[in-house]
Amino acid sequence: MTRIVVAAKQDKILLQDSQAKTVSLDQPAIIQIGVTQQDVKTLERLGDKLIISLNNGEQIVLEGFFQSQFNHNAFFNVPQSRWKFLTCSL
């Protein structure tokens, strides 16, 4: 499973550090996913969820990523290479 780290966007407090397939977001957050950009097959919006499909068949679901009560509620980081990240705000 892929490591997922979630921190509060406002004060950067660690909210979650896990290897779960689903993460529920209830506040603006920064999400770091332990995969490279090349590992990501597709990004799909389904309601308020962001579904990240990986080339190895694994799916990561970020529930609440597209919550309308938050303006630019969440960002996620995907490593492109060592010390370089691609930041996505969808």
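As the structure is a prediction and not an experimental result, all values here were calculated from the model.
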Tell me which one of I60, I4, D39 satisfies side chain to side chain contact (heavy atoms under 4.5 Å, CB included) with I52.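 The option that passes is I60.
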Heavy-atom closest contact (Q38 atom, N55 atom, distance):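 Minimum heavy-atom contact is O-ND2, 2.7 Å.
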Closest non-hydrogen atom pair between Q59 and S53, with its separation: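 Looking at all heavy atoms of both residues, the shortest contact is NE2-OG, 3.2 Å.
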Examine V61 and L46 and state if one hydrophobic cluster contains both, with Ile, Leu, Val, Met, Phe, Trp and Tyr joined whenever side-chain heavy atoms are less than 4.5 Å apart.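 Cluster IDs for V61 and L46 match.
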Would I33 end up clustered with I51 when hydrophobic side chains under 4.5 Å apart are linked, directly or stepwise?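 Per the 4.5 Å side-chain linkage, I33 and I51 are not co-clustered.
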Which is it for V40 and L54 under the side-chain contact (heavy atoms from CB on, under 4.5 Å) test, yes or no, and what are the steps along the way? CA-CA 5 Å; V40 177; L54 304 179; 4.2 Å; yes
Worked check of side-chain contact (heavy atoms from CB on, under 4.5 Å) between K9 and Q27: CA-CA 8 Å; K9 186 176 173 187; Q27 64 179 293; over 6 Å; no
Inter-residue atom distance K49.NZ - L62.CG, 0.5 Å rounding: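 If we round to the nearest 0.5 Å, K49:NZ and L62:CG are 11.0 Å apart.
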Taking atom CG of L25 and atom CG of L15, what is their separation to the nearest 0.5 Å?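 Reported value, rounded in 0.5 Å steps: 8.5 Å.
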When you measure from the side chain of Q16 to the backbone of V23, do you find a donor-acceptor pair of N or O atoms at a distance under 3.5 Å?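 Looks like no, no N/O pair under 3.5 Å.
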Taking side chain as C-beta onward, heavy atoms only, is D17 less than 4.5 Å from R3?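 Result yes, sub-4.5 Å side-chain heavy-atom pair found.
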Do other residues, nucleotides or ligands put more than 12 heavy atoms under 6.0 Å from Q19 CD?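 Yes - once you tally the heavy atoms of other residues, nucleotides and ligands closer than 6.0 Å, there are more than 12.
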Evaluate the criterion side-chain contact (heavy atoms from CB on, under 4.5 Å) for residue pair E63 and T22; output intermediate values, then yes/no. CA-CA 7 Å; E63 294 181 349; T22 301; 3.5 Å; yes
